[in-house]
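Chain identifiers are assigned alphabetically (A, B, ...) following the order of the sequence lines, protein sequences preceding nucleic acid strands; residue numbering begins at 1 within each chain.
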Protein chains: 4
Amino acid sequence: MKRNKPKYKQIIDAAVVVIAENGYHQAQVSKIAKQAGVADGTIYLYFKNKEDILISLFREKMGQFVERIEEGIAGKQKAAEKLLVLIEYHCRHLSGNHHLAIVTQLELRQSNKDIRLKINKVLKGYLELIDKILINGVETKEFSEDLNIRLARQMIFGTLDEMGTTWVMNDQKYDLIVQAPAIHRLLLNAVGGKY
Amino acid sequence: MKRNKPKYKQIIDAAVVVIAENGYHQAQVSKIAKQAGVADGTIYLYFKNKEDILISLFREKMGQFVERIEEGIAGKQKAAEKLLVLIEYHCRHLSGNHHLAIVTQLELRQSNKDIRLKINKVLKGYLELIDKILINGVETKEFSEDLNIRLARQMIFGTLDEMGTTWVMNDQKYDLIVQAPAIHRLLLNAVGGKY
Amino acid sequence: MKRNKPKYKQIIDAAVVVIAENGYHQAQVSKIAKQAGVADGTIYLYFKNKEDILISLFREKMGQFVERIEEGIAGKQKAAEKLLVLIEYHCRHLSGNHHLAIVTQLELRQSNKDIRLKINKVLKGYLELIDKILINGVETKEFSEDLNIRLARQMIFGTLDEMGTTWVMNDQKYDLIVQAPAIHRLLLNAVGGKY
Amino acid sequence: MKRNKPKYKQIIDAAVVVIAENGYHQAQVSKIAKQAGVADGTIYLYFKNKEDILISLFREKMGQFVERIEEGIAGKQKAAEKLLVLIEYHCRHLSGNHHLAIVTQLELRQSNKDIRLKINKVLKGYLELIDKILINGVETKEFSEDLNIRLARQMIFGTLDEMGTTWVMNDQKYDLIVQAPAIHRLLLNAVGGKY
DNA sequence: GATGAATGAGTATTCATTCAT
DNA sequence: GATGAATGAATACTCATTCAT
């Protein structure tokens, strides 16, 4: 299994750095190889093509992210608390990965439709996580019983995404994590929750 | 003034069609010229470069959009009503411009950071409009008095944007306009408004 | 019609020189462009891709060759004379086009199967010319009446081709044209003709 | 001596299969190694480089072929009979080695000039065999006394080669061996022989 | 002897922009 | 103003060969 070999992760991490520092269109394979400390050809022992690097990058990083949230949520009873965990982790995830934040919020969005479609499939895991919290909240009557799950999910994801993108576009110069409670209050209000 | 000459608008409209039908990365200047019925070189009599076409496109179309919302809002008293107008116009704007919806929600996002930064400047007008409604709502005590305007604005814009993008990605196959009231309720809840 | 524009022929002639002097695998498009005195990109205004240059080259040059033989044959009555014209023109064609001889006898044969198949289609015109002479000779009873046309054609073409290739491989250092009568006698014997 | 070790022949046979089934340009060393059941690096214990595999392949197979013809000829008195043996063996050789026929008649010709020159050296043994038959025929006055040996050899080889190539290009779908007598008659006529 | 992971040189093609007419 | 032929920079990927184990 290639994905567990050290060079696999090494190349992905190199790609994050190179894309963040040079921009999507200036992230040549040779640059990534150099940053990873391997030959150009070695890249192709671990990835089918350049596109595969980008999608794998997103899958690996987003996968870890979703897993960690799931663990964090597991300890919480109330849907409102789960939502807070999600928001906090989202903020911390962006804050704690300077380069990755740039790559996922800005650079990777320049990729072509094919890549974006595949990235969307990976994102689905995150969206389903949000759905689970919402459905749970409705079932326990914490949230409005007539809540439109899809719209609420779009609101939550859209808000967090817009927040993240704005923050990255402003060069990450303010503190994202301290805003988590305020975001939580807004979104909780929206879905009819109380705190 | 080039902007008022017929070919200026002709080229912009051609760009919308070409980008929507071919995708951002397949929207070559020569294709746009052909669609506009002019020679390649003529484009450069009206636009500095390709980037200038895209930004001008966004400026023209978004400008009209903001103007129309401002007119719609003018007739409303309550902030909650203004917010509803904004949401409805947003949905109608997307629904009524098949090609433009694809271009602004999907294709133009693949442009590089430079263009996206300039697009963001154009968007500022829309964001300020949202801010105005929010500030008005806080002042009239319709909305929570401790509302974080910036976060609330990011939530509103992020929600509408995410909603629009999802809708376009799903080939615009469901009705966006009928969802406006539900969105309105969610967002109004969030900011502490009542209806 | 691109094929009549001067640059079309200019590029083809440049390709002949570059391939002859550098070998098939060292004949980069940029070298051909330089030799033709045009920019790399200009090549693609006249040819679909590199393969198209090679096939067009073969088509143009072989087309002229076959035409000239047809003219030469037209003036002859006897099939034996026609065969002599064909052989003489074949020898003269190779002798008089130093570079082209190298390209068609050696270099172009290194091309991949796709290109070779398309080249074969062009060659068909030449093979049909041989067939016509043979059929004519059989009908006029100059040649054996039980002559196997296909085999005889393979013999004539195979002999001329082998002769040409050997000559080019030996750096064209002996006179090909003086051998035409001897070749003619051999092949005429073969098909049962007299002289 | 490496040439007598089993892996030497194993690799050559693998090369024949791989080249025949994949084409010259798709016959990577790694594919040959896989087909031979050895590691890539092992190839280089038996062959200097890829070129060496191809030339060795040709030398081994052509060597066996020439030996067998020499044996067949040994039993014949007349030059005309010897020529018939050569033609029959040539046809049988191609007919009986499906893969090898493809490799020698089509694929190996795509190799570069260097390899083709070395292959020609190997072919020399075959051409000398033809020469011997021709000289013998002239000396016994079976053939024309003013026969140009070189041209006659080029005719015989060129004819057989063209016949073989055409047959392979047509997917070997007709019977080659039954044509031997007709070819024999043509070539015998050419050199002035009687039957 | 045998392995196979790692290497790194090399090239066709696209397309925004220009400028002579 | 309008044209469109010409420009030329820039980059992913393959595969023969090596060498540490």
Side-chain angles (χ1 to χ4, degrees), chain A residues 2 5-8 10-11 25-34 36-54, chain B residues 2 5-7 11 25-34 36-54, chain C residues 2 5-8 10-11 25-34 36-54, chain D residues 2 5-7 11 25-34 36-54:
Chain A
K2 302 246 174 195
K5 297 206 178 167
K7 286 203 178 153
Y8 179 80
Q10 198 173 323
I11 291 166
H25 290 291
Q26 281 305 307
Q28 293 88 349
V29 172
S30 61
K31 253 184 210 160
I32 296 174
K34 200 171 185 185
V38 300
D40 292 17
T42 305
I43 299 266
Y44 293 88
L45 296 175
Y46 295 89
F47 299 90
K48 230 173 48 236
N49 47 37
K50 191 179 175 181
E51 178 177 321
D52 191 27
I53 306 176
L54 304 178
Chain B
K2 305 246 176 196
K5 300 213 176 169
K7 283 198 182 162
I11 291 167
H25 292 290
Q26 282 306 307
Q28 292 86 353
V29 171
S30 61
K31 253 184 211 159
I32 296 174
K34 200 172 183 185
V38 300
D40 293 17
T42 306
I43 299 265
Y44 292 87
L45 298 174
Y46 295 90
F47 298 91
K48 224 170 59 231
N49 48 34
K50 189 178 180 183
E51 181 177 319
D52 190 27
I53 307 177
L54 305 178
Chain C
K2 302 245 174 198
K5 297 206 180 168
K7 285 204 179 153
Y8 180 80
Q10 199 173 323
I11 290 166
H25 290 291
Q26 281 306 308
Q28 293 88 349
V29 172
S30 60
K31 254 184 210 160
I32 297 174
K34 201 172 185 183
V38 301
D40 292 18
T42 305
I43 299 267
Y44 293 88
L45 296 176
Y46 295 89
F47 299 91
K48 230 174 46 233
N49 49 34
K50 189 180 178 180
E51 179 177 321
D52 191 28
I53 307 177
L54 305 178
Chain D
K2 306 246 173 195
K5 300 215 176 165
K7 284 198 182 164
I11 290 166
H25 291 291
Q26 281 307 306
Q28 293 87 351
V29 172
S30 61
K31 251 183 211 161
I32 297 174
K34 199 172 185 185
V38 301
D40 293 17
T42 306
I43 300 265
Y44 292 87
L45 297 174
Y46 295 88
F47 299 90
K48 223 167 62 230
N49 49 34
K50 189 179 179 182
E51 181 178 318
D52 191 26
I53 307 176
L54 305 178

Base, sugar-phosphate alone, or nothing: which one does [X] contact when heavy atoms must sit under 4.0 Å apart?
{"X": "B/Lys34", "value": "nothing"}
{"X": "D/Tyr46", "value": "sugar-phosphate"}
{"X": "D/Lys31", "value": "nothing"}

Notebook entry, point to check: Taking only residues two or more places apart in sequence or in another chain, which ones pass ring pair (Phe, Tyr, Trp, His ring centres under 6.0 Å) with B/Tyr44?
Noted result: none

Notebook entry, point to check: Closer to the 5' end of DNA chain F via nearest nucleotide, is it C/Val38 or B/Val38?
Noted result: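 Nearest-nucleotide comparison on DNA chain F picks B/Val38.
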
Could you check how far [atom1] of [X] sits from [atom2] of [N], rounded to whole Å?
{"X": "D/Lys7", "N": "E/dG1", "atom1": "NZ", "atom2": "C1'", "value": "8 Å"}
{"X": "C/Leu45", "N": "F/dA5", "atom1": "CG", "atom2": "C1'", "value": "7 Å"}
{"X": "D/Ile43", "N": "E/dG4", "atom1": "CD1", "atom2": "P", "value": "13 Å"}
{"X": "D/Asp52", "N": "F/dA16", "atom1": "CG", "atom2": "P", "value": "14 Å"}
{"X": "A/Ile53", "N": "F/dT11", "atom1": "CD1", "atom2": "C1'", "value": "13 Å"}

Checklist line | Where protein sits on nucleotides 11-21 of chain E, one letter per nucleotide: B base, S sugar-phosphate only, - none, heavy atoms under 4.0 Å | finding: SSBBSSBB---

Check: With no hydrogens and no angle check, is any side-chain donor or acceptor of B/Lys50 less than 3.5 Å from a backbone partner on B/Val29?
Finding: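 No: the side chain of B/Lys50 does not pair with the backbone of B/Val29.
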
Checklist line | Candidate list A/Val38, A/Asp40, A/Ile11, test side-chain contact (heavy atoms from CB on, under 4.5 Å), partner A/Ile32, passing option | finding: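 Only one option passes, and that is A/Ile11.
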
Note to self: Tell me the closest heavy-atom pair linking A/Gln26 and A/Gln28, and the distance in Å.
What the structure shows: O-OE1, 2.5 Å

Notebook entry, point to check: Measuring from C/Ile43:CD1 to C/Tyr8:OH, what's the distance to the nearest 0.5 Å?
Noted result: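 So the gap between those two atoms works out to 12.0 Å.
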
Check: Can you tell me how far NZ of C/Lys34 sits from NZ of C/Lys31, rounded to the nearest 0.5 angstrom?
Finding: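 Atom-to-atom, C/Lys31:NZ and C/Lys34:NZ are 10.0 Å apart.
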
Notebook entry, point to check: For DNA chain E, what are the stems built from at least three Watson-Crick or G-U pairs in a row, each pair having both distances below 3.5 Å?
Noted result: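 Stems (3+ consecutive pairs) listed as E:2-21 with F:2-21.
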
